[in-house]
Amino acid sequence: MDDNIVSTDRLTKRYGDRAAADRVSLTVRRGEVYGFLGPNGAGKTTTLRMVLGLVKPSGGSALVHGLRPGSPEALRRTGSLIEGPGFFPYLSGLENLRVVGRYRGLGRSDAEEALERVDLADRGKDRFRTYSLGMKQRLGVAAALMGRPDLLVLDEPTNGLDPAGMASMRRLIQDLSSEGQTVLLSSHLLAEVQQCCHRVGVIVDGRMSFEGTVADLRGARVLRVRAEPGDRAMPIVQGAAGDVEQNRDEDGRAVLTADAAGVDVPAMVRKLVADGVDVHSVAVQERSLEDVFLTMTEAGR
Ligand code: ATP
């Protein structure tokens with residue numbers, strides 16, 4: 001069985017002479033939460049629309065469950081929430097889901113089950129218009145879940161939510177994932193993608209600039225040693241870490257920076273102290289995703 005639920009090959013959409021998506025190749029594997037990350041206007045929605053068969057590509061190709069996007073079988077096996085859910089404000093959450101279910105030829109129990117899965121069962125009889133934004137979004141996910149699709153495509157599911165609403169949506173996605181649901185979601189928020197996605201694709205100005213795990217995206221971890229005198233610390237840190245860069249912090253102390261891979265930190269600190277070096281701090285830091293993302297965004301311009 002093919003483990004890629006979605007695969008696109010140089011998928012392109014041009015509007016006039018501008019490419020909203022430019023040769024986008026990405027793969028979503030069965031069982032993962034894939035974060036499609038990019039700033040506003042990068043081409044996320046356009047790409048997701050092509051994957052769902054809502055927009056016709058100008059070039060390249062896409063397969064969803066090994067099928068052409070938009071084909072009846074691909075649609076049956078895909079649930080989506082794209083650009084906000086459309087619900088009737090005067091109907092309850094449950095009634096809205098029943099409308100969706102009838103439209104899709106599903107049974108009445110599907111609506112109840114979907115409400116349970118997004119943790120809205122106790123508010124199911126309240127009118128949609130009384131829901132908070134977070135509840136509205138969760139109801140949108142419930143609608144997408146009806147009929148138990150293999151793939152869930154969510155376009156910016158936390159957009160506009162307050163921190164509590166975002167956390168609740170993240171928990172929902174994690175719960176669905178632990179039940180084995182494959183999810184493709186878009187976001188412009190790094191922290192979010194970092195917290196709930198297995199793999200990430202980064203799109204900038206219509207082009208994919210990265211695809212891999214969050215750890216791959218961050219790259220190497222950095223060792224940072226603040227110590228005096230710097231010149232005496234230098235050969236010891238070099239001996240432990242290889243190439244070392246020396247700078248000064250705002251207090252004028254030497255800061256030695258190197259790749260942290262394979263460094264025996266306690267042994268290095270013992271040597272520094274034994275050699276009479278004053279060690280003010282030692283840190284092994286991951287590059288912030290923010291830094292990585294900014295570098296990519298700038299490189300893409
Ligand atoms: P956002 O997070 O702001 O929704 P996005 O990454 O989803 O951004 P898209 O909505 O895919 O980005 O838009 C990518 C580019 O394509 C934008 O410059 C947008 O203006 C343009 N675009 C999208 N749809 C159309 C359209 N129907 N006609 C013309 N241009 C379009």
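In this chain, residues are counted from 1 in sequence order. Counting starts at 1 for both ligands and their atoms, following the listed order.
Distances from atom 12 (O) of ligand 1 to the heavy atoms of Ala21, Ala20, Gly43 show the closest one on Gly43.
Residue contacts with ligand 1 do not include Lys13, since none of its heavy atoms lies under 4.0 Å from the ligand. Using a 4.0 angstrom heavy-atom cutoff, Arg49 does not count as in contact with ligand 1.
Proximity of atom 19 (C) of ligand 1 to the protein is not indicated, since no non-hydrogen protein atom lies closer than 4.0 angstrom. For atom 16 (O) of ligand 1, the protein comes within 4.0 Å by at least one heavy atom.
A salt bridge between Arg207 and Asp22 is present, with a side-chain N of the basic residue lying under 4.0 Å from a carboxylate O of the acidic one. Of the charged side-chain nitrogens involved, none lies within less than 4.0 Å of a carboxylate oxygen, so that Arg98 and Glu95 do not count as a salt-bridged pair.
Each of the atoms 2 (O), 5 (P), 6 (O), 7 (O), 8 (O), 11 (O), 12 (O) of ligand 1 lies under 4.0 Å from some heavy atom of Lys44. Close approach to Glu156 involves these atoms of ligand 1, each under 4.0 Å from a residue heavy atom: 2 (O).
Counting heavy atoms closer than 4.0 Å to ligand 1, residue His188 contributes nothing at all.
When each of Val141, Leu154, Val153, Leu184 is paired with Ser80, the side chain to side chain contact (heavy atoms under 4.5 Å, CB included) condition holds for Val153 and for no other.
For the residue pair Arg226 and Ser281, a side-chain donor N or O sits within less than 3.5 Å of a side-chain acceptor on the partner. Residues Thr45 and Asp155 have side chains that bring a donor and an acceptor to within less than 3.5 angstrom of each other.
Given atom 4 (O) of ligand 1, the protein heavy atom at minimum distance is Thr45 OG1, 3.6 Å. For atom 25 (C) of ligand 1, the nearest non-hydrogen atom of the protein is Tyr15 CE1, 3.2 Å. Residue, atom and distance of the protein heavy atom nearest to atom 13 (O) of ligand 1 are Thr46 OG1, 3.8 Å. From the protein, the heavy atom lying nearest to atom 1 (P) of ligand 1 is Gly41 N, 3.5 Å.
Side-chain atoms of Arg199 never come within 3.5 Å of backbone atoms of Glu32 as a donor-acceptor pair (strictly under, hydrogens ignored). A donor-acceptor contact shorter than 3.5 Å links the side chain of Thr213 to the backbone of Asp216.
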Test side-chain contact (heavy atoms from CB on, under 4.5 Å) on Arg117 and Arg148; report intermediate values, then the result. CA-CA 11 Å; Arg117 285 183 82 192; Arg148 296 211 154 244; 3.8 Å; yes

